[in-house]
Amino acid sequence: MIRKKVTIKNSSGLHARPSAALVKLSSSFKSDFFIHMYGYRVNGKSILGVMTLAAEQGAEMELEIDGPDEKACLEALEELIDQKFGMKDE
Amino acid sequence: MNKLEGLTASDGSAVGPLFIREQSSYETSSKQVSLGEVQQEIRYYRRALEVYEHELEQLLIKLRGTASEIIKSQSLILQDEQIKGEIINSIRTNVVSASYAIDQVYELYIGRLRDSASNLFRQRIIDLITIKDRLVKLAAAYSERSKSDEQADTNLELPVSIDSTPQIRGCIVVARDLSPTEVVQLSESKVMGIVLEKGGLTAHAAIVAQSLNIPCLVQIGTQIQDISSGRIGIIDGEEGVLLVNPSPETIREYKTKISDAQVAKKKIKPSRLPAITKDGERVQVHANIEFIQELPMASSYRAEGIGLVRTEGLLYGGLTHKSEKEQDMYYRRLLDDSTGPVVIRLFDVGGDKLHGFTTEESNPFLGWRGIRMLLDEKEMLHSQLRSILKCTQDYPDRIRILVPMVTNIQEVHLLKEELSIVKSELIKEGFTQVQDVPLGIMVEVPAVAVMADKFAKEVDFFSIGTNDLTQYTLAVDRTNDQVGRLFEHDHPAIWKLVQQIQLAAQNEDIEVSVCGELASTLLGASGLIGLGIRNLSMKPSAILSVKKWIHTYMLSEFELFASKIVKVQDREQVHQLFSTIFHRS
C-alpha cells in the first residue's frame with residue numbers, strides 16, 4: 001500500500017468534471033483507491049464520494065492506493081492532478 | 001410593467017408567456033417493506049437506474065462540448081458502484097423500499113455539499129437532488145404499478161416525465177433552480193428562455209443553457225414568487241432583467257431586436273482587418289492569454305498582440321530551477337505563435353498558492369499577493385525575470401513586463417532594482433545580448449488610479465485591470481452571491497477613474513491599455529475608446545464582435561458617449577445613454 005499527499009491546483013477545485021476524470025482514471029487500475037480528507041475516507045472510484053469532499057483549490061488530500069498496479073496508478077493520478085485535470089480554468 | 005433584476009447567465013433576449021415551474025414534490029412510498037419484497041425492491045432500483053441512464057443517453061445525443069461533459073458526469077454519478085452498493089445494502093439490511101433507500105443514501109452525500117463553504121460546490125446540490133428525485137420517482141412508480149398489476153414488473157415503459165408537457169413550448173420558464181438535465185429537457189421542449197431564482201453564473205444549468213443558446217437569467221431572487229403563470233415576460237440579456245407584463249409596444253420592440261440579432265449572428269465573418277472606426281481611427285485589439293492553446297483563436301481573429309499573459313499557471317507544481325526551463329519554453333512558445341507585442345504579467349497570485357493551505361489569509365484580496373509577495377520571494381521573482389530577459393535576446397523589441405497589484409511608488413523602484421540586478425547577472429553569465437524591457441504596471445488598486453500622474457512618470461505603460469479596480473473601488477466581491485449584483489464595472493466611478501488614468505498617461509506620453517472584462521463588452525469598448533484608450537485587450541472569443549462594433553461607428557459617437565458617462569450619477573443612466581446614442585437597449 002502506498003500513501004501520498006497531494007494538493008488540488010485547478011481554480012475551481014474537485015467539482016463534477018474533475019471528479020469524473022479522477023474516477024475514470026482510477027477505475028482503469030486494479031488497485032483499490034481511497035482519499036483521506038477532513039477526516040473522511042472515501043472511495044476514490046466513487047464520483048459521489050469524491051465530489052462531495054468539496055475539495056477546493058489549495059485543498060490537501062492523501063491518496064491511499066493498494067494493489068498490484070499501485071505505483072502506476074499513483075503516478076497517473078498525480079499527473080492528472082498536476083495537469084489540473086486537463087481543464088481550462090473557468 | 002414590472003422589472004426584476006438578475007444576472008445574465010446565458011446571453012440573448014426572449015419574449016414569451018411565463019411558465020412557473022413548481023418545485024417537484026413527491027412522497028417516498030412506504031418506508032418498510034416485508035422481507036419477501038426485498039429482492040423486488042432491489043429490482044425496482046436497478047430498473048430505475050436503467051431507465052434513467054437511457055434518458056440521459058437520449059439527452060447526450062443532442063449535446064456537444066462542455067454541456068455533454070456535464071451530462072456525462074451526471075451519468076457517472078448514477079453508475080457509481082459505491083452508491084449502488086450502499087443503496088442495495090440499505091434495502092437489504094434495513095428492509096426498506098427502494099425509493100426510501102435511494103433518498104437516504106443520496107441525502108447523506110447532499111448533506112456534505114450543503115456543509116461546504118464553497119459556492120461552487122453548493123451549486124452542485126441541485127444536480128444531486130434531481131438525480132435522486134428522478135430515481136425515487138421511477139422506483140416508486142414501479143412499486144406502485146406492481147401493486148395494481150401483477151405483470152407490471154416486467155414492463156419497462158416509463159412514467160411520463162412532467163417536462164414533456166406540451167404547454168411549455170414557446171414559454172419562458174421560471175423556476176427556483178434547475179439541474180443541467182432539466183435544462184436540456186426544457187430546450188427539447190423548445191422553451192424561449194429560463195429565469196432562475198437562485199443559481200449562479202457557474203451553475204451547471206447556466207453552462208448548459210449557454211451551450212444550447214437559451215437566454216438565461218439567474219439570481220432574480222424571491223421576487224420571483226410574485227410572478228404568476230401566463231403573464232407575458234421578456235428576458236433582456238444585455239441588461240440582465242426580466243420584464244413582466246410589458247406593453248404591446250415594448251413586446252414589438254423586443255421582437256424586432258431579437259430577429260435583428262439572429263440575422264446579425266449569421267452574417268458575422270472573421271474580420272481580417274484591424275479595428276478602425278468608421279472615420280478611420282485605429283484601435284489596437286489584443287488578446288488576453290493564459291494557455292498556449294488559446295493562441296490559434298487569437299491569431300485567427302487577427303489579434304495584433306498579446307495584451308496580457310497570465311503566468312500564474314506556471315506556478316502550480318512549485319518553483320524550482322527546473323521550472324526556469326519550463327518558463328523559458330512557455331514564453332518561447334508564446335512568442336513563436338503570436339505576432340506583435342507580448343505583455344507578460346509577473347506572477348499574480350496570493351501567498352496561499354505558494355505555501356499551501358497553512359497561510360490562509362482572512363482577506364486574500366487585500367493581502368500578500370502580486371508585487372507584495374514577489375518582492376518578498378526574491379528567488380521566485382528572479383527566476384521569472386531571468387527567463388523573460390533571456391527571451392529578449394531572440395525576440396527583440398517584442399516583450400513587455402507588467403507588474404500586478406502595485407500600490408506604492410516604492411514598489412516600482414524596488415522592482416526596477418531587481419530588474420537591473422538580474423540583468424547584470426545575466427550579462428556576467430554570458431547572455432550579453434539581453435535587452436531592457438518596457439516596464440508597466442497594472443492599474444487595479446484605486447490608490448494608483450488616483451495617483452496616476454505620479455506613476456506615469458515612473459513607468460513605460462499602464463494596463464487597467466477593470467475587474468479588480470471595480471472590486472476595490474465598489475468594495476464588492478463578485479463571487480459573493482449576496483452582493484455579486486453590485487459588481488458594476490461600468491459604474492460612473494470606474495469611468496471617472498479611467499478618464500483620470502488616461503489623462504495622466506497622455507500628459508507623460510505613455511501608453512494605456514485596458515485588459516479587464518469591460519474592454520470585451522460593446523458598451524465598455526465604446527466608453528473606453530471615447531475616453532481616448534486606443535488599446536483594448538480581451539479574451540480571444542470577444543475580439544470579433546468588438547472589432548465589428550468599432551467598424552460600425554464614428555470616433556465622434558464614442559467620444560460623445562464617453563463625455564456623458566463620466567457625468568451621470570449611476571449605472572442606469574450609463575445604459576440609457578448607450579441605448580440612445582447607439583440605438584440599442
Side-chain angles (χ1 to χ4, degrees), chain A residues 5-30 32-62 78-90, chain B residues 66 69-86 105-106 108-125 127-128 131-132 180 201-202 204 207 290-291 293-294 310 312-313 315-318 350 352-360 364:
Chain A
K5 279 202 172 126
V6 296
T7 306
I8 296 302
K9 291 159 183 165
N10 56 310
S11 68
S12 41
L14 261 187
H15 64 84
R17 281 167 289 151
S19 297
L22 192 77
V23 168
K24 240 187 240 163
L25 183 66
S26 60
S27 300
S28 69
F29 291 90
K30 290 199 189 78
D32 289 331
F33 168 40
F34 291 92
I35 301 174
H36 297 256
M37 192 182 160
Y38 308 137
Y40 285 112
R41 176 175 181 267
V42 303
N43 186 341
K45 297 183 177 181
S46 157
I47 184 169
L48 212 50
V50 174
M51 206 177 114
T52 52
L53 283 175
E56 293 178 65
Q57 184 179 34
E60 281 184 350
M61 49 174 59
E62 193 174 29
E78 277 191 299
E79 189 180 338
L80 181 72
I81 294 167
D82 263 353
Q83 302 299 317
K84 301 187 196 176
F85 303 92
M87 292 185 61
K88 284 188 184 178
D89 276 7
E90 305 146 61
Chain B
T66 312
E69 274 177 59
I70 288 173
I71 299 296
K72 275 186 200 149
S73 69
Q74 312 287 296
S75 151
L76 258 161
I77 293 172
L78 209 58
Q79 298 302 339
D80 192 319
E81 291 297 333
Q82 172 93 19
I83 307 308
K84 278 190 201 168
E86 284 177 26
V105 170
Y106 270 88
L108 195 77
Y109 286 96
I110 291 168
R112 284 200 211 157
L113 284 186
R114 285 209 175 93
D115 293 340
S116 162
S118 155
N119 237 324
L120 189 73
F121 283 101
R122 282 195 310 259
Q123 283 173 4
R124 302 297 179 250
I125 292 174
D127 296 15
L128 296 187
I131 294 172
K132 182 197 75 175
L201 299 180
T202 48
H204 276 165
I207 301 173
E290 177 162 12
F291 301 97
Q293 294 85 333
E294 296 169 293
R310 300 190 172 97
E312 297 78 60
L315 272 184
Y316 306 116
D352 57 321
K353 304 263 170 21
L354 277 185
H355 300 301
F357 232 27
T358 42
T359 53
E360 202 177 334

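Sequence lines set the chain letters: A, B, ... in the order given, protein chains first and strands last, and positions in each chain run from 1. Just so it is clear, the values below take in all heavy atoms, side chains as well, and ignore hydrogens, waters and symmetry mates.
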Item to check | Atom of B:Ser73, atom of A:Ile47 and distance for their closest heavy-atom approach | outcome: O-CD1, 4.0 Å
Roughly how far, to the nearest 0.5 Å, is the [atom2] atom of [Y] from the [atom1] atom of [X]?
X       : Y        : atom1 : atom2 : result
A:Leu53 : B:Tyr109 : CG    : OH    : 9.5 Å
A:Ser11 : B:Glu312 : OG    : CD    : 11.0 Å
A:Met51 : B:Asp80  : CE    : CG    : 10.5 Å
A:Leu48 : B:Leu128 : CG    : CG    : 5.5 Å

Checklist entry - Measuring heavy-atom distances to chain B, does A:Ala21 have an atom under 4.5 Å in its side chain, in its backbone, in both, or in neither? => result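 Contact with chain B: none, neither part.
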Next on the checklist: I want to check something: taking the side chain as every heavy atom from C-beta on, are B:Arg124 and A:Thr52 in contact at a cut-off of under 4.5 Å?
Outcome noted: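 Of all side-chain heavy-atom pairs linking A:Thr52 with B:Arg124, none is under 4.5 Å.
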Item to check | Geometric cation-pi criterion, B:Arg112 with A:Tyr38: 6.0 Å, 45° | outcome: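 Verdict for A:Tyr38: no cation-pi partner in B:Arg112.
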Next on the checklist: Is it the case that atom NZ in B:Lys84 sees more than 12 heavy atoms from other parts of the structure closer than 6.0 Å?
Outcome noted: yes
